[in-house]
Amino acid sequence: MHEQNQAATVRVFIALAPPDNAKEELARALRPAYEAYPRMRWNRIEDWHITLAFLGELPTQAVSLLRPPLAELAAGRHPLHLTLRGSGHFDRRVLWSGIGGDVEGLRLLADEVRALVREHGVTFMDRPLNPHLTLARSRRDDASSAVQAAAGLSAFTGRTWQAERLHLVGSNYGRGPGPIHYRDIEAWPFRSVT
């Protein structure tokens with residue numbers, strides 16, 4: 001972790017994180033898949049997030065410049081009410097859970113976050129938002145586990161939860177052996193509803 005703090009660049013994204021009880025509810029629903037598909041590379045539950053904007057590798061100075069405007073943006077918005085719902089897969093290899101609830105509000109927040117990032121001189125690949133939470137990746141020689149796991153989770157609908165904070169997240173991707181881990185660089189609360 002200290003080595004990453006000393007790096008001239010950091011790989012970052014801006015995200016929302018479900019609360020622990022929503023993640024635990026989904027993890028319980030995933031138990032049969034954990035047992036049935038042990039070769040899949042399962043993401044750690046503490047790393048589950050909904051990406052609003054993936055910025056890639058940035059100079060640490062650029063990341064610092066984003067902190068005040070992101071804090072201001074969060075302070076001006078009410079929390080979103082979301083659910084983890086259903087499942088699917090990307091390219092038969094990436095298993096994900098879908099997002100329900102205030103998806104329109106989620107899209108508006110992602111648009112605001114992306115506009116703010118661009119206004120502050122950060123360029124990034126602006127892909128269309130496909131709200132999801134990545135759960136696992138199958139290995140290259142396994143073309144069916146993600147598809148089958150998605151089918152088994154398709155009827156899942158979790159409880160409604162409130163996204164209370166906007167997270168600026170760093171990852172150790174490409175910084176050594178082992179799985180990717182994420183850490184909050186900083187997180188800011190949304191405006192409280194009174």
Side-chain angles (χ1 to χ4, degrees), residues 7 9-18 22-23 26 40-44 46-67 69-74 77 79-140 143 146-147 149-150 153-154 163 165-175 179-188 190:
T9 63
V10 62
R11 190 174 179 91
V12 296
F13 56 90
I14 300 164
L16 300 178
K23 292 189 290 188
L26 178 56
M40 288 186 73
R41 294 177 305 212
W42 293 95
N43 291 1
R44 299 177 331 149
E46 57 268 31
D47 289 339
W48 288 354
H49 63 273
I50 302 162
T51 301
L52 301 174
F54 179 76
L55 307 182
E57 198 81 20
L58 295 180
T60 53
Q61 284 183 307
V63 175
S64 294
L65 292 174
L66 290 175
R67 288 173 158 183
L70 286 170
E72 186 177 332
L73 181 131
R77 290 193 98 298
L80 296 172
H81 291 87
L82 302 170
T83 61
L84 300 175
R85 183 179 75 194
S87 63
H89 57 86
F90 297 127
D91 298 327
R92 302 182 61 85
R93 291 196 56 230
V94 178
L95 172 67
W96 50 263
S97 173
I99 308 300
D102 187 5
V103 176
E104 185 57 33
L106 182 64
R107 289 185 189 287
L108 291 172
L109 175 61
D111 289 346
E112 289 177 24
V113 163
R114 292 169 184 209
L116 179 147
V117 169
R118 282 190 295 273
E119 286 170 17
H120 287 82
V122 175
T123 58
F124 61 99
M125 187 179 290
D126 195 3
R127 297 181 181 139
L129 181 70
N130 184 358
H132 69 280
L133 187 147
T134 301
L135 301 172
R137 288 172 176 77
S138 61
R139 300 189 186 276
R140 294 200 186 279
V147 175
L153 195 62
S154 63
R165 301 175 77 78
L166 183 65
H167 299 259
L168 179 63
V169 183
S171 81
N172 68 343
Y173 180 81
R175 298 192 188 277
I180 299 170
H181 292 141
Y182 304 107
R183 65 174 174 83
D184 271 1
I185 294 170
E186 196 160 347
W188 303 275
F190 291 118

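Just so it is clear, the model here is predicted, and its values are computed rather than measured.
- Atom CD of E112 is separated from atom CD of E119 by 10.5 Å, given to the nearest 0.5 angstrom.
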Original post:
Are R11 and F54 close enough, and set up right, to give a side chain to side chain contact (heavy atoms under 4.5 Å, CB included), and what steps lead you there?
Top reply: CA-CA 9 Å; R11 190 174 179 91; F54 179 76; 3.5 Å; yes
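- Atom CE in M40 sits 8.5 Å away from atom CG in L135 (nearest 0.5 Å).
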**OP:** Please assess V12 against F124 for the test side chain to side chain contact (heavy atoms under 4.5 Å, CB included), listing each intermediate value before the final yes or no.
**Re:** CA-CA 11 Å; V12 296; F124 61 99; over 6 Å; no
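- Nearest heavy-atom pair across L129 and T51 is CD1-O, 3.5 Å.
- Remark: side-chain polar atoms of T9 are not paired, donor with acceptor, to backbone N or O of P59 under 3.5 angstrom.
- In summary, R114 and D111 do not engage in a salt bridge, as defined by a charged side-chain N under 4.0 Å from a carboxylate O.
- Scanning both residues, H89 and W96, for their nearest heavy atoms gives N-NE1, 3.2 Å.
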**OP:** Under the side chain to side chain contact (heavy atoms under 4.5 Å, CB included) rule, what do R139 and R93 come out as? Steps first, then yes or no, please.
**Re:** CA-CA 7 Å; R139 300 189 186 276; R93 291 196 56 230; 5.7 Å; no
Original post:
Given the rule in the side chain to side chain contact (heavy atoms under 4.5 Å, CB included) test, do T134 and L95 qualify, once you have shown the distances and angles that lead to the verdict?
Top reply: CA-CA 6 Å; T134 301; L95 172 67; over 6 Å; no
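- Taking both residues in full, the closest heavy atoms of L65 and H120 are given as O-CD2, 4.5 Å, listed atom of the first, atom of the second, then distance.
- D102 and H81 share no donor-acceptor pair across their side chains, judged by distance under 3.5 Å alone.
- Of the possible polar contacts, one joining the R92 side chain to the A143 backbone as a donor-acceptor pair under 3.5 Å is found.
- Look at R165 and D184 and you find no salt bridge, because none of the NZ, NE, NH1 or NH2 atoms lies under 4.0 Å from a carboxylate O.
- Between E46 and K23, no side-chain nitrogen of the basic residue sits less than 4.0 Å from a carboxylate oxygen of the acidic one, so the salt-bridge criterion is not met.
- Looking at heavy atoms from C-beta onward, I99 lies in side-chain contact with I50 at the 4.5 angstrom threshold.
- Of all heavy-atom pairs between W48 and P18, the closest is O-CD, 3.9 Å.
- Checking side-chain atoms of H49 against main-chain N and O of D47 turns up a donor-acceptor pair under 3.5 Å.
- A 4.5 Å side-chain heavy-atom check between R137 and W42 finds every atom pair outside the cut-off.
- Judged purely by atom type and a 3.5 angstrom limit, R183 has no side-chain atom pairing as donor or acceptor with the backbone of G170.
- Considering only heavy atoms from C-beta on, F90 comes within 4.5 Å of H132 through its side chain.
- With rounding to the nearest 0.5 Å, the separation of CG in L133 from OG in S87 is 12.0 Å.
- Residues L166 and L70 approach most closely at CD2-O, 3.9 Å, considering heavy atoms.
- Of all the heavy atoms in P131 and L106, the pair that sits closest is CB-CD2, 3.6 Å.
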Subject >> Candidate pair F13 and H167, rule ring-ring contact (aromatic ring centres under 6.0 Å, His included), full reasoning >> reply: CA-CA 8 Å; F13 56 90; H167 299 259; 9.7 Å; no
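- By the 4.5 Å heavy-atom criterion applied to side chains, V169 and I14 are not counted as neighbours.
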